[in-house]
Enquirer: 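What follows is a single structure, and I will ask about it in a moment.
Each residue takes its place number in the sequence, starting with 1. Keep in mind it's a predicted model, so treat the numbers as computed, not measured.
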Amino acid sequence: MLSSNSLSRRQFVLLAAAASVSGPLLARGAESEGGYLNGRLYKTLKIGMVQGGKSLEEKFAIAKEAGFDGIELNCPGIDVKEVRAAIKATGLPVDGSVNAGHWSVRHTDADASVRAKALASLQEALRQTHAVGGNTVLLVVGRGSDGPEEEIWKRSIENISKALPLAAELGIHIAIENVWNQFCYDHDGDHTQTADKFVKYVDEFHSPWVGMQFDIGNHWKYGSMGDWIRQLGKRIVKLDLKGFSREMDKFTNIGEGDLDWADVRKALAEIKYTGWAAAEVKGGDLERLKEVSANMDRVFGLTPKA
């Protein structure tokens, strides 16, 4: 008899297998319309966006009905047994997690005891994510305000590297998110910046288990998201997304604002991206989540599910 954990992984494998079988057929029709991602990109969202439902199972069911293929949790802090039951009941897999508390307990902190807590949190997040069938733990490595760039760069790489043996053992990617944390970009700079520092940072780990959960909306203010995707290439293991308006200098719904989604689609096709994309916008009830799902379909050129 399959365990709940085996079942959740089996569901993910079956989903991927189905896509690989149907992919060539879908692609021939989609690529003629510029829809490379159709059949290659899977939609997920943050658990906190699901504001309906009382139980975890109900929240999973709502996300699935809204058109999502998976869901991301916050780890550590989950009830593994409850999550496995929700997966089994709904057929909705957990694709990954967000490392809880990574903004306040940071790998860049000057205090070694704080860094030790950050490491313990990351390691437990890796274990819990593995236990429910996910394959990534999103990580904000720290803040630029924790010290000179050279120092926090070294601190964070040394600290996060201590989690790599566990990540490799479990087969879970540590997925670094590009955020407004004043690190690896010029927070006061203009929109002509590149992803050079992110490329260098990821490469310094010398590990296939460290990549980027690249947030498409977060740095449109600072550079071309299409070009950043091209630079990061295979370092991107997952996507986050939201909209942004340079003109109004604020985040927006997916598809609103002035972000160049056409170039984003082109860049993702160029690097042959296949995998998950996580919505990170204002959530709500079922109708709101259906709207978010439809927005994702539109900006990525996906065919809505029947």
Side-chain angles (χ1 to χ4, degrees), residues 98-123 125-126 136-167 173-242 244 246 249-251 259 267 271 278 280:
V98 176
N99 187 201
H102 54 182
W103 276 103
S104 56
V105 183
R106 301 184 295 277
H107 297 272
T108 54
D109 199 290
D111 188 334
S113 66
V114 174
R115 296 199 301 276
K117 291 177 182 177
L119 174 61
S121 174
L122 175 57
Q123 289 171 324
L126 290 166
T136 54
V137 173
L138 182 152
L139 179 67
V140 173
V141 303
R143 290 181 183 271
S145 56
D146 283 340
E149 183 178 272
E150 183 179 351
E151 288 184 16
I152 63 174
W153 186 294
K154 185 171 183 281
R155 275 182 213 151
S156 58
I157 286 180
E158 287 181 351
N159 211 54
I160 295 165
S161 291
K162 296 174 184 176
L164 290 181
L166 180 61
H173 285 95
I174 297 171
I176 295 165
E177 185 187 12
N178 53 303
V179 296
W180 285 15
N181 60 348
Q182 302 179 15
F183 183 58
C184 288
Y185 74 104
D186 179 1
H187 193 73
D188 297 316
D190 63 17
H191 65 273
T192 63
Q193 298 181 53
T194 69
D196 288 350
K197 287 187 177 180
F198 285 103
V199 168
K200 182 180 179 183
Y201 186 79
V202 170
D203 286 354
E204 279 203 26
F205 285 98
H206 302 290
S207 172
W209 298 107
V210 179
M212 292 285 295
Q213 184 148 342
F214 181 66
D215 191 306
I216 296 170
N218 270 351
H219 280 78
W220 171 242
K221 178 178 180 177
Y222 298 105
S224 162
M225 294 299 89
D227 287 345
W228 281 36
I229 289 168
R230 293 177 182 97
Q231 274 191 281
L232 290 166
K234 296 301 182 182
R235 298 171 186 83
I236 298 175
V237 296
K238 193 167 286 188
L239 300 169
D240 263 15
L241 67 151
K242 55 180 72 74
F244 191 86
R246 285 179 182 169
D249 193 27
K250 70 175 186 177
F251 292 105
L259 203 157
I271 70 168
E280 191 179 23

Enquirer: Treating Asn181 as the side-chain partner and Gly142 as the backbone partner, does any N or O pair qualify as donor plus acceptor under 3.5 Å?
Expert: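 Yes: the side chain of Asn181 pairs with the backbone of Gly142.
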
Enquirer: Consider side chain to side chain contact (heavy atoms under 4.5 Å, CB included). Of His107, Lys117, Lys162, His102, which one does Leu122 pass it with?
Expert: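 For Leu122, the side chain to side chain contact (heavy atoms under 4.5 Å, CB included) test succeeds with only one of His107, Lys117, Lys162, His102, which is His107.
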
Enquirer: Arg235 versus Phe214: any side-chain heavy-atom pair under 4.5 Å?
Expert: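 No. Closest side-chain heavy atoms not under 4.5 Å.
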
Enquirer: Enter the distance from Met225:CE to Arg230:CZ here, rounded to the nearest 0.5 Å.
Expert: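 If we round to the nearest 0.5 Å, Met225:CE and Arg230:CZ are 11.5 Å apart.
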
Enquirer: Heavy atoms, side chains only, cut-off 4.5 Å: are Phe205 and Ile157 in contact?
Expert: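 Yes. Closest side-chain heavy atoms under 4.5 Å.
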
Enquirer: Hey, is Lys154 close enough to Glu158 for a salt bridge, meaning N to O under 4.0 Å?
Expert: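 The answer is yes: the pair qualifies as a salt bridge.
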
Enquirer: Less than 4.5 Å apart, side chain to side chain, heavy atoms only: is that true for Val202 and Met212?
Expert: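 Yes; the side chains approach each other to less than 4.5 Å.
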
Enquirer: What residues form a side-chain contact (heavy atoms from CB on, under 4.5 Å) with Lys234, not counting sequence neighbours?
Expert: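 Testing Lys234 for side-chain contact (heavy atoms from CB on, under 4.5 Å), a comparison that skips the adjacent residues, returns Lys272.
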
Enquirer: With a 4.5 Å heavy-atom cut-off, do Gln231 and Phe198 have their side chains touching?
Expert: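 The answer is no; the side chains never approach within 4.5 Å.
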
Enquirer: Between Leu239 and Ile236, is there a side-chain heavy-atom distance shorter than 4.5 Å?
Expert: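 Yes, their side chains come closer than 4.5 Å.
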
Enquirer: Under 3.5 Å, is there a donor on one side chain and an acceptor on the other for Asp227 and Thr194?
Expert: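 No, no side-chain donor-acceptor contact under 3.5 Å.
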
Enquirer: Does some side-chain heavy atom of Leu138 sit less than 4.5 Å from a side-chain heavy atom of Asp240?
Expert: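 Sidechains of Leu138 and Asp240: in contact.
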
Enquirer: Specify whether His219 and Tyr222 have parallel, tilted or perpendicular ring planes, treating 30° as the upper limit for parallel and 60° as the lower limit for perpendicular.
Expert: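 If you compare the ring of His219 with that of Tyr222, the planes turn out tilted.
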
Enquirer: Is the side chain of Asn159 donor-acceptor paired with the backbone N or O of Arg115 at a distance under 3.5 Å, no angle test?
Expert: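 Indeed, once roles are kept as given, a pair shorter than 3.5 Å links the two residues.
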
Enquirer: Going by atom types only, do Glu204 and Trp153 share a side-chain donor-acceptor pair under 3.5 Å?
Expert: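 On atom types as modelled, these side chains qualify, holding a pair under 3.5 Å.
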
Enquirer: Using a 3.5 Å distance criterion without hydrogens, assess whether the side chain of Trp180 forms a donor-acceptor pair with backbone atoms of His187.
Expert: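 A pair under 3.5 Å: no.
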
Enquirer: Less than 4.0 angstrom from a charged side-chain N to a carboxylate O is my criterion; do Arg143 and Asp146 meet it?
Expert: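 No, this pair does not count.
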
Enquirer: Any sub-3.5 Å donor-acceptor pair from Arg106's side-chain atoms to Val141's backbone N or O?
Expert: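 Such a contact is absent between Arg106 side chain and Val141 backbone.
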
Enquirer: Taking C-beta and beyond as the side chain, do Ile216 and Leu259 meet within less than 4.5 Å on heavy atoms?
Expert: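 In contact.
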
Enquirer: Check whether any side-chain heavy atom of Gln213 sits under 4.5 Å from a side-chain heavy atom of Thr136, and report yes or no.
Expert: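 A side-chain contact under 4.5 Å exists here.
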
Enquirer: Quick one: pull up CG in Asp109 and OG in Ser156 and give me the separation to the nearest 0.5 Å.
Expert: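 With rounding to 0.5 Å, CG (Asp109) is 11.5 Å from OG (Ser156).
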
Enquirer: Checking Asn99 side chain against Leu139 main chain: does a donor-acceptor pair fall under 3.5 Å?
Expert: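 Checking the backbone N and O of Leu139 against the side chain of Asn99, no donor-acceptor pair under 3.5 Å is found.
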
Enquirer: Tell me which pairs pass salt bridge (Lys or Arg N to Asp or Glu O under 4.0 Å) where either residue lies in residues 187-202, with sequence neighbours left out.
Expert: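 Salt bridge (Lys or Arg N to Asp or Glu O under 4.0 Å) check on residues 187-202 returns Glu149-Lys197.
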
